[in-house]
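Remarks on the structure that follows.
Values reported hereafter were calculated over all heavy atoms of this structure, with side chains retained and with hydrogens, waters and symmetry mates removed.
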Amino acid sequence: MAAAITGVGVSCPSKLSQTAVGRRQRRCASVIRMTVVEEKKKTYTLKKSEEAFNAAKELMPGGVNSPVRAFKSVGGQPIVIDSVKGSRMWDIDGNEYIDYVGSWGPAIIGHADDEVLAALAETMKKGTSFGAPCLLENVLAEMVISAVPSIEMVRFVNSGTEACMGVLRLARAFTGHEKIIKFEGCYHGHADPFLVKAGSGVATLGLPDSPGVPKAATSETLTSPYNDISTVESLFEANKGEIAAVILEPVVGNAGFIPPTPDFLNALRRITKDNGALLIFDEVMTGFRLSYGGAQEYFGITPDLTTLGKIIGGGLPVGAYGGRREIMEMVAPAGPMYQAGTLSGNPLAMTAGIHTLKRLKEPNTYEYLDKITGQLVQGILDAGKKAGHAISGGYINGMFGFFFTDGPVYNFGDAKKSDTAKFAKFYRGMLEEGVYLAPSQFEAGFTSLAHTPEDIQQTIAAAEKVFRTL
């Protein structure tokens with residue numbers, strides 16, 4: 001296990017298989033845009049993005065369809081994207097960026113992959129949505145079940161939020177209990193019961209919860225700091241026989257990158273078993289990213305239920321929840337717990353997911369992600385410290401993060417000690433240097449198989465330059 005302790009990067013010298021190398025070279029070649037070298041660097045401008053965003057604010061709340069995109073926590077002008085390919089993205093002003101958001105995680109093999117696009121084009125000839133069973137659902141379901149240790153049956157939905165809504169209802173139906181334990185800073189979508197100390201966009205906007213959520217909707221939601229077993233034990237003691245499940249991001253991504261302490265997940269598995277509660281891993285971010293079998297394979301801890309999203313749809317809208325057969329057979333129409341979705345299992349999302357997972361199964365995939373992400377994180381940490389800044393961070397394979405604080409960061413409370421004003425300046429500086437990071441101190445970053453060693457070195461060089469200006 002190539003662990004990533006906060007503040008430490010570990011890299012492996014493993015090489016990609018020859019097949020993967022050849023494909024990577026073709027992908028990289030498709031990304032390169034030949035330009036005439038200019039003596040003077042092009043002036044960075046966001047004029048077109050500004051015009052488009054101002055118009056959007058008259059059409060959509062805050063000008064966006066998901067809050068963190070509005071750059072509220074980093075300030076400055078949000079960028080409006082025109083196109084993506086491989087590890088790169090271009091805004092409507094023509095600025096090019098190395099992308100470490102990857103559509104918030106799905107783009108693990110790179111944006112607009114040629115093979116995935118070709119497969120989608122073929123599938124679209126047959127139609128985009130059936131509202132009825134299709135064979136592709138069987139194929140992706142078999143791949144997910146064979147990969148993820150906890151999943152014996154799976155239900156596809158259309159988003160991570162929807163997956164978490166379904167799995168919560170299922171946990172309550174199976175156990176006959178209503179209370180759940182979640183962790184401060186862990187985000188499980190915007191369903192009412194989860195909007196309690198939820199991190200992510202809620203933290204970015206400085207909202208403690210959300211107006212419009214009835215007290216009754218969150219009255220059965222108990223919270224604990226992440227990595228704090230004693231509080232979890234106290235909650236079980238104070239609510240004996242009432243807790244249906246413990247749900248968590250096994251590696252936090254929605255409060256920044258925060259890995260579990262060595263015995264945390266083991267202790268949760270033991271406590272839930274002892275108390276007749278279910279353990280739920282929200283692997284919407286970590287699934288197929290930390291390893292092919294997700295965080296549960298990486299850490300060797302098997303939960304009762306798992307939620308997935310992002311990567312399993314290859315960039316198209318998708319989500320899933322699954323687990324032990326005896327639990328999943330409670331889901332309608334096999335059982336009484338109702339959940340449905342018009343676009344669930346649609347052929348386009350299934351196709352993109354199938355071809356993405358096929359690629360992730362190739363030899364040395366995760367060794368490569370470990371290598372480049374380790375180099376990236378260590379380079380940024382070294383550059384920050386050399387310039388005299390308080391900074392800490394870590395990574396596991398294709399997921400990483402850093403905080404503008406000395407650390408260590410074990411939970412959301414620690415993360416909030418970060419100098420968010422300094423992060424905002426760093427963020428805007430990196431944008432001007434052609435590097436796109438998540439526009440919040442409280443979000444993880446992602447690398448992909450399309451990122452090259454040159455991308456990593458260019459990013460570190462940009463960070464060194466920006467750190468000197470802070």
Side-chain angles (χ1 to χ4, degrees), residues 1 4 102-108 140-141 143-168 170-171 180 182-183 185-189 191 194 199-200 226 245-255 257-260 264-266 268-269 272 278-315 317-324 327-328 349 353 356-357 360-361 365-366 369 395-401 443-444 446:
M1 183 186 301
S103 192
W104 301 96
I108 193 169
L140 186 57
M143 296 176 78
V144 169
I145 290 168
S146 68
V148 183
S150 67
I151 296 183
E152 296 175 355
M153 298 187 84
V154 65
R155 167 60 62 88
F156 291 116
V157 292
N158 296 289
S159 69
T161 288
E162 193 179 348
C164 289
M165 289 169 60
V167 85
L168 173 59
L170 177 58
I180 61 165
K182 72 173 292 291
F183 294 89
C186 284
Y187 178 72
H188 306 291
F194 294 124
S200 191
Y226 186 77
V246 174
I247 185 170
L248 76 156
E249 296 177 87
V251 172
V252 181
N254 284 288
F257 177 86
I258 307 175
F264 181 59
L265 300 180
N266 264 315
L268 289 179
R269 179 67 286 183
T272 50
L278 300 180
L279 179 61
I280 304 171
F281 278 8
D282 179 351
E283 295 224 45
V284 171
M285 277 194 182
T286 57
F288 292 93
R289 179 163 284 280
L290 301 194
S291 72
Y292 192 70
Q296 56 198 265
E297 179 185 68
Y298 184 88
F299 292 110
I301 306 293
T302 303
D304 299 294
L305 292 166
T306 298
T307 59
L308 297 167
K310 300 184 185 292
I311 287 173
I312 64 164
V318 77
Y321 60 97
R324 299 204 319 262
I327 303 175
M328 291 301 294
T356 297
L357 297 196
L360 291 177
K361 253 194 135 174
T365 290
Y366 293 94
L369 290 172
Y395 75 99
I396 299 175
N397 292 331
M399 183 176 178
F400 71 92
E443 291 283 0
F446 306 102

Q) Where do Val148 and Phe288 land on the side-chain contact (heavy atoms from CB on, under 4.5 Å) test, with the steps shown first? A) CA-CA 9 Å; Val148 183; Phe288 292 93; 4.1 Å; yes

Between [atom1] on residue [X] and [atom2] on residue [Y], distance to nearest 0.5 Å:
X: Leu278; Y: Arg324; atom1: CG; atom2: CZ; answer: 6.5 Å
X: Ile396; Y: Tyr366; atom1: CD1; atom2: OH; answer: 13.0 Å
X: Tyr187; Y: Thr161; atom1: OH; atom2: OG1; answer: 4.5 Å
X: Thr306; Y: Ile151; atom1: OG1; atom2: CD1; answer: 5.0 Å
X: Leu308; Y: Thr286; atom1: CG; atom2: OG1; answer: 8.0 Å
X: Tyr321; Y: Leu170; atom1: OH; atom2: CG; answer: 6.0 Å

Validation row: [X], [Y] side chains within 4.5 angstrom (heavy atoms):
X: Asp304; Y: Arg269; value: yes
X: Phe183; Y: Val246; value: yes
X: Glu152; Y: Met328; value: no
X: Ile280; Y: Pro303; value: no
X: Leu248; Y: Phe264; value: yes
X: Leu168; Y: Phe194; value: yes
X: Leu360; Y: Ile311; value: yes
X: Tyr292; Y: Leu357; value: yes

Give the minimum heavy-atom separation between [X] and [Y], together with the two atoms involved.
X: Leu140; Y: Gly353; result: CD1-C, 3.9 Å
X: Tyr298; Y: Ser291; result: N-OG, 3.8 Å
X: Tyr226; Y: Pro250; result: OH-O, 2.6 Å
X: Gly314; Y: Thr356; result: CA-OG1, 3.3 Å
X: Thr307; Y: Cys164; result: OG1-SG, 3.9 Å
X: Val252; Y: Gly185; result: CG1-O, 4.1 Å

Q. Is the side chain of Gln296 donor-acceptor paired with the backbone N or O of Ser150 at a distance under 3.5 Å, no angle test?
A.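 Yes; judged by distance alone, with no hydrogens or angles, the pair exists.
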
Q. Does the Glu283 side chain pair with the main chain of Ala295, one donor and one acceptor, at a distance under 3.5 Å?
A.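 Present.
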
Q.
Using the side-chain contact (heavy atoms from CB on, under 4.5 Å) definition, which of the options Ile247, Val167, Leu265 pairs with Phe281?
A.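 Of the listed residues Ile247, Val167, Leu265, the side-chain contact (heavy atoms from CB on, under 4.5 Å) partner of Phe281 is Leu265.
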
(Q) If the condition is side-chain contact (heavy atoms from CB on, under 4.5 Å), which residues does Met285 pass it with, not counting sequence neighbours? (A)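 Per chain and number, Met285 pairs via side-chain contact (heavy atoms from CB on, under 4.5 Å) with Glu249, Asn254, Lys310, Met399, Glu443, Phe446.
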
